[in-house]
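For reference, the structure is listed below as structure tokens.
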Amino acid sequence: AASLNYMDVVATRLVRSLMTETAPEDSVTVKDVTAAEETEGTRRYKATRQWQLGFGPAWSSNLNSSKGNTNWSLGYTFGLDPEYELRLMLDIYATRGDDDAHFTNFSVGLDYYFSQGKTSPFIGADLGYGGAEANDDCVLGILCEDDDASGWVLGVNAGYKFFRTSTVNVAVVARYYMLFDKTSYGNPSIGSMRIVVYY
């Protein structure tokens, strides 16, 4: 009993369990559930929650783009425990100038940390859905044909995270992700090095 108010409920169940030769927890009816049993099994560890914003140089493959561009990421992270984080993330590969190649991906991933200290290396993997378009080499947008692909995206990453004991963290992350669908050049993929801020 969580309090004296439930002593009559407990006493009733105890008598019933003695008469039916069953355990008190098995003799419950809809009329005599205790307050402790209402929350039993529903309490959980509280996961940490953080937004994450990342950016850095990136290089593409099979998008007909030889330039190095910028990879941006926006996400939300759930710290399940000191070793694991669940990650929801949007990746955007941005181009510059007349290069119109792009790659956008939304993914769900898991990161594993090798240490519980305030700095730790980590690795991760994710699966998502995205779309890419290869650079079409058009002049003034005349007689252009779209060369795009969309589908499942697989990604892997490795990095080092700093200030894990603070409410704001910083990480350096190397990331690679590839689209299963193909443009006319093959499966698009992006490799990047990013600075990521968690807050």
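Note that the numbering runs from 1 along the sequence shown for the chain.
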Quiz item: Would a line drawn from the ring center of F180 to the ring center of W152 be shorter than 6.0 Å?
Solution: no
With clusters defined by side-chain heavy atoms of hydrophobic residues (ILVMFWY) lying less than 4.5 Å apart, directly or transitively, does [Y] cluster with [X]?
X    : Y    : result
L18  : V9   : no
Y76  : Y199 : yes
F122 : V196 : yes
V173 : M193 : no
L127 : M178 : yes

Quiz item: Is it the case that more than 12 heavy atoms not belonging to F106 sit under 6.0 Å from its CZ atom?
Solution: yes
Practice problem: Verify the neighbour count for atom CZ of F163: are there more than 12 heavy atoms of other residues, nucleotides or ligands below 6.0 Å? | Solution: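 12 or below, so no.
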Would [X] and [Y] count as having a side-chain donor-acceptor pair, cut-off 3.5 Å?
X    : Y    : value
E85  : Y113 : yes
S60  : Y93  : yes
D181 : S150 : no
T77  : Q50  : no
N64  : Y185 : yes

Spacing of [X] atom [atom1] and [Y] atom [atom2] [to the nearest 0.5 Å]:
X    : Y    : atom1 : atom2 : result
R164 : T48  : CZ    : OG1   : 9.0 Å
W59  : N69  : CH2   : CG    : 10.5 Å
L63  : D148 : CG    : CG    : 11.0 Å
Y176 : S189 : OH    : OG    : 3.5 Å
S115 : E83  : OG    : CD    : 9.0 Å
I190 : S65  : CD1   : OG    : 8.5 Å

Can you find a heavy atom in the side chain of [X] that is under 4.5 Å from one in the side chain of [Y]?
X    : Y    : answer
N187 : K182 : yes
D111 : N157 : yes
N105 : L90  : no
V153 : F103 : yes

Self-check item: Derivation and outcome, side chain to side chain contact (heavy atoms under 4.5 Å, CB included), residues L110 and L80
Solution: CA-CA 10 Å; L110 191 68; L80 303 179; 4.3 Å; yes
Quick one: closest heavy-atom pair of [X] and [Y], and the distance?
X    : Y    : answer
D91  : S73  : OD1-CB, 3.8 Å
G155 : Y177 : CA-CB, 3.7 Å
L179 : A132 : CD2-CB, 4.2 Å

Quiz item: Step by step, would you call T183 with N62 a side chain to side chain donor-acceptor pair (under 3.5 Å)?
Solution: CA-CA 7 Å; T183 64; N62 297 323; over 6 Å; no
Practice problem: Fit a plane to each ring of F162 and Y160, take the angle between them on a 0 to 90° scale, and name the class: parallel (under 30°), tilted (30 to 60°) or perpendicular (over 60°). | Solution: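 Tilted, since the angle between the ring planes falls between 30° and 60°.
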Self-check item: Parallel, tilted or perpendicular: rings of Y112 and Y84 (30°, 60°)
Solution: tilted
Self-check item: Electrostatic pair D126:R175 at N-O distance under 4.0 angstrom
Solution: yes
Exercise. Would you list the pairs meeting side chain to side chain donor-acceptor pair (under 3.5 Å) in which at least one residue belongs to residues 8-17, sequence neighbours left out?
Key: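 For residues 8-17, and leaving out neighbouring residues, the side chain to side chain donor-acceptor pair (under 3.5 Å) pairs sorted by first residue read R13-E37, R16-D32.
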Quiz item: Just checking, K161 and Y198: is the charged tip under 6.0 Å from the six-membered ring centre and within 45° of the axis?
Solution: yes
Quiz item: Donor-acceptor pair, N71 side chain versus A58 backbone, under 3.5 Å?
Solution: no
Exercise. Give the C-alpha distance, both sets of side-chain angles, the deciding distance and a yes or no for side chain to side chain contact (heavy atoms under 4.5 Å, CB included) between L86 and V108.
Key: CA-CA 7 Å; L86 180 67; V108 177; 4.1 Å; yes
Self-check item: Audit row: D147, E133, side chain to side chain contact (heavy atoms under 4.5 Å, CB included) steps and yes/no
Solution: CA-CA 6 Å; D147 187 3; E133 183 174 355; 5.5 Å; no
